[in-house]
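Reading through the structure tokens given below for one structure.
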Amino acid sequence: MTRKLQALQALHGLKFAKMNGSGNDFVLLDNRVAGIDPELMPALARGLCARGRSVGADGLIILEPSDRVDPRLGRVDFRWHFYNADGSSAEMCGNGGRCAARFALDRGLAGPAMVFDTIAGPIRAWVDGVTVKLEMVPPGGAYGGLALEGPSGPLELAGINTGVPHAVVAVEDLESTPVRELGRFLRFHQHFAPAGTNVNFVRGQEDELWVRTYERGVEDETLACGTGAVASALMAGQWGWLRSPVTVRVRSGERLKVYYSVEGGQFKEVFLEGAASYVYEAELNREAFAWMTFQAG
């Protein structure tokens with residue numbers, strides 16, 4: 001048995017929550033109790049997020065207190081460590097951020113109005129029951145009219161970074177679009193190397209924006225993606241399809257609201273709003289990691 005696997009199994013009895021943000025699901029831990037070493041976190045994410053093997057989730061979120069004071073937003077209530085299911089770290093996650101905000105409120109890490117630190121920068125959030133409104137980091141790097149040759153012909157992409165990079169593709173028929181195959185092709189396309197990109201396929205329908213997303217790090221289509229919903233709404237606004245607030249229908253069938261303003265041709269004051277729900281709370285068992293193998297070290 002390797003030292004890393006032993007360290008994971010030593011977490012036996014640790015309490016965690018499983019939460020759902022509009023179809024994105026996450027495992028959340030309070031690191032005041034867990035005391036997890038950052039070096040162990042990627043392996044913990046892989047171990048816990050594996051569907052059919054363990055808890056199963058799109059990502060792992062670990063919260064811990066912060067004593068930092070942000071020059072713009074003031075006192076920071078907590079910081080998070082966010083990991084995709086494959087153990088890779090992500091700068092930002094909109095649906096995960098909403099789950100983290102409700103989890104933090106319930107555990108006394110913050111009040112209903114809060115600020116927390118992410119790799120992408122400090123984030124403000126407001127919790128009202130199951131509804132959480134999250135301020136997104138200022139988006140940047142918008143592009144449009146990007147022509148790439150796809151597996152079945154030419155593709156035209158737009159995109160923007162909403163904390164993580166997102167490409168957006170308008171399609172005629174969302175149901176017949178091969179999201180997993182085409183999303184994976186674009187996610188690993190050399191144009192976006194080496195970091196890659198998330199990929200959103202969108203269609204306007206009945207005053208709503210319908211979105212399906214292939215997520216980098218999960219390496220599959222997910223039922224929702226908060227940063228992807230925001231990126232898609234901003235591109236739809238740029239195309240003149242819809243105005244703020246934009247109702248985004250994600251793959252789970254749930255609706256998210258995206259608010260934004262435009263000033264000097266730049267997107268400002270971008271917010272994501274939607275439900276963040278508990279699925280269950282439980283304790284880890286050492287056997288949750290029995291399937292894992294690691295190189296000695």
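Quick note: residue numbers are just sequence positions, from 1.
The CG atom of L63 sits 6.0 Å away from the CG atom of L109 when rounded to the nearest 0.5 Å. Summarising the geometry, atom CG belonging to L29 is positioned 9.5 Å from atom CZ belonging to R107; distances are rounded to the nearest 0.5 Å. Note: F26 CZ to L48 CG = 14.0 Å, rounded to the nearest 0.5 Å. Rounded to the nearest 0.5 angstrom, L284 CG and L44 CG are separated by 7.5 Å. E221 contributes atom CD, which lies 4.0 Å from atom CZ of R212 (distance to the nearest 0.5 angstrom). Here the straight-line distance linking atom CZ of F78 with atom CD1 of I62 works out to 13.5 Å at 0.5 Å rounding.
Counting only heavy atoms from C-beta outward, the side chains of W80 and I123 never approach each other to under 4.5 Å. Looking at V55 and Y280, their side chains come closer than 4.5 Å, going by heavy atoms from C-beta outward. A 4.5 Å side-chain heavy-atom check between L105 and P112 finds at least one atom pair inside the cut-off. Side-chain contact between L11 and F16 is absent, with no heavy atoms from C-beta onward closer than 4.5 Å. Looking only at side-chain heavy atoms (C-beta outward), L186 and L155 come within less than 4.5 Å of each other. For the pair L14/I36, a side-chain contact is recorded, criterion being any heavy-atom separation below 4.5 Å from C-beta on. Counting heavy atoms from C-beta outward, M92 and I119 have side chains that stay 4.5 Å or more apart. The closest side-chain heavy-atom distance from I61 to F103 is not below 4.5 Å.
The side chain to side chain donor-acceptor pair (under 3.5 Å) contacts involving residues 185-198 comprise R187-E219, where partners must be two or more places apart or lie in separate chains.
By the 6.0 Å contact criterion, CD on E281 is enclosed, its count of non-hydrogen atoms from other residues, nucleotides or ligands being greater than 12. Under a cut-off of 6.0 angstrom, the local environment of CD in E269 is sparse, with at most 12 non-hydrogen atoms contributed by other residues, nucleotides or ligands. Atom CZ of R68 has more than 12 heavy atoms from other residues, nucleotides or ligands within 6.0 Å. Within 6.0 Å of the CZ atom in R243, the count of heavy atoms belonging to other residues, nucleotides or ligands does not exceed 12. Heavy-atom contacts from other residues, nucleotides or ligands closer than 6.0 Å to CG of D37 number more than 12. Annotation: Q205, atom CD; neighbour count of heavy atoms from other residues, nucleotides and ligands within 6.0 Å is above 12.
Residues Y83 and L5 are members of one and the same hydrophobic cluster, defined by side-chain heavy-atom contacts under 4.5 angstrom among Ile, Leu, Val, Met, Phe, Trp and Tyr. Criterion: ILVMFWY side-chain heavy atoms under 4.5 Å apart, direct or through other members. Under it, F185 and V199 are part of a common hydrophobic cluster. Cluster annotation: F271 and V246 are assigned to distinct hydrophobic clusters (Ile/Leu/Val/Met/Phe/Trp/Tyr, side-chain heavy-atom contacts under 4.5 Å, transitive). A continuous path of hydrophobic side-chain contacts links I160 to V211 [ILVMFWY only; heavy atoms under 4.5 Å]. Tracing side-chain contacts under 4.5 Å through hydrophobic residues (I, L, V, M, F, W, Y), one reaches Y278 starting from V127; they form part of the same cluster.
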Listed pairs under 3.5 Å, donor-acceptor, residues 130-142 side chains, sequence neighbours left out:
unit_1: E135; atom_1: OE1; unit_2: R124; atom_2: NE; d: 2.8
unit_1: E135; atom_1: OE2; unit_2: R124; atom_2: NH2; d: 3.2

Let me check something: any side-chain donor-acceptor pairs from residues 223-239 under 3.5 Å, sequence neighbours excluded? List them with distances.
unit_1: T227; atom_1: OG1; unit_2: H166; atom_2: NE2; d: 2.8
unit_1: S232; atom_1: OG; unit_2: G228; atom_2: O; d: 2.8

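Residues S277 and R102 share a closest heavy-atom pair of CA-NH1, 3.7 Å. Nearest heavy atom pair, residue W291 against residue A50, reads CZ2-CB, 3.4 Å. Nearest heavy atom pair, residue A125 against residue A101, reads CB-CB, 3.8 Å. Closest heavy-atom contact between G204 and W241: N-CZ3, 3.6 Å. Contact detail for G274 and L256: the closest heavy-atom pair is CA-CD2, 3.9 Å. In this structure, A167 and L157 approach most closely via the heavy-atom pair CB-CD2, 3.8 Å.
With D77 contributing its side chain and F116 its backbone, the two residues share no donor-acceptor pair below 3.5 Å. Side-chain N or O atoms of R98 include one that pairs as donor or acceptor with a backbone N or O of A275 at under 3.5 Å. One N or O on the side chain of K18 and one on the backbone of G56 form a donor-acceptor pair closer than 3.5 Å. Listed for the N285 side chain is a donor-acceptor partner under 3.5 Å among the backbone atoms of E287. A donor-acceptor contact shorter than 3.5 Å is absent between the side chain of T247 and the backbone of E208. At least one donor-acceptor pair closer than 3.5 Å links the side chain of S54 to the backbone N or O of G47. Judged by distance alone, with hydrogens and angles left aside, the side-chain atoms of N84 form no donor-acceptor pair with the main-chain N or O of D58 at under 3.5 Å.
Taking the charged nitrogens against the carboxylate oxygens, E263 and K268 have no contact shorter than 4.0 Å, which rules out a salt bridge. For the pair D25 and R51, the salt-bridge criterion is met [side-chain N within less than 4.0 Å of a carboxylate O].
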Stepwise side chain to side chain contact (heavy atoms under 4.5 Å, CB included) check, L8 with L40 | CA-CA 8 Å; L8 289 175; L40 189 64; 3.8 Å; yes
Could you give me the CA-CA distance, side-chain angles and deciding distance for D70 and V115, then say whether side chain to side chain contact (heavy atoms under 4.5 Å, CB included) is met?
-> CA-CA 9 Å; D70 184 78; V115 179; 5.5 Å; no
Start with the C-alpha distance between T222 and N95, add both sets of side-chain angles, then the distance that settles side chain to side chain contact (heavy atoms under 4.5 Å, CB included), and finish with yes or no.
-> CA-CA 12 Å; T222 56; N95 289 330; over 6 Å; no
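Applying the side chain to side chain contact (heavy atoms under 4.5 Å, CB included) rule to E175 yields the partners D173, R251; only residues at least two apart in sequence or on another chain are considered. Every ring-ring contact (aromatic ring centres under 6.0 Å, His included) that F267 has, sequence neighbours left out, goes to Y260. By the salt bridge (Lys or Arg N to Asp or Glu O under 4.0 Å) test, E91 pairs with R216, sequence neighbours left out.
Side-chain atoms of T177 and R203 form no donor-acceptor pair, as typed in the model, at a separation below 3.5 Å.
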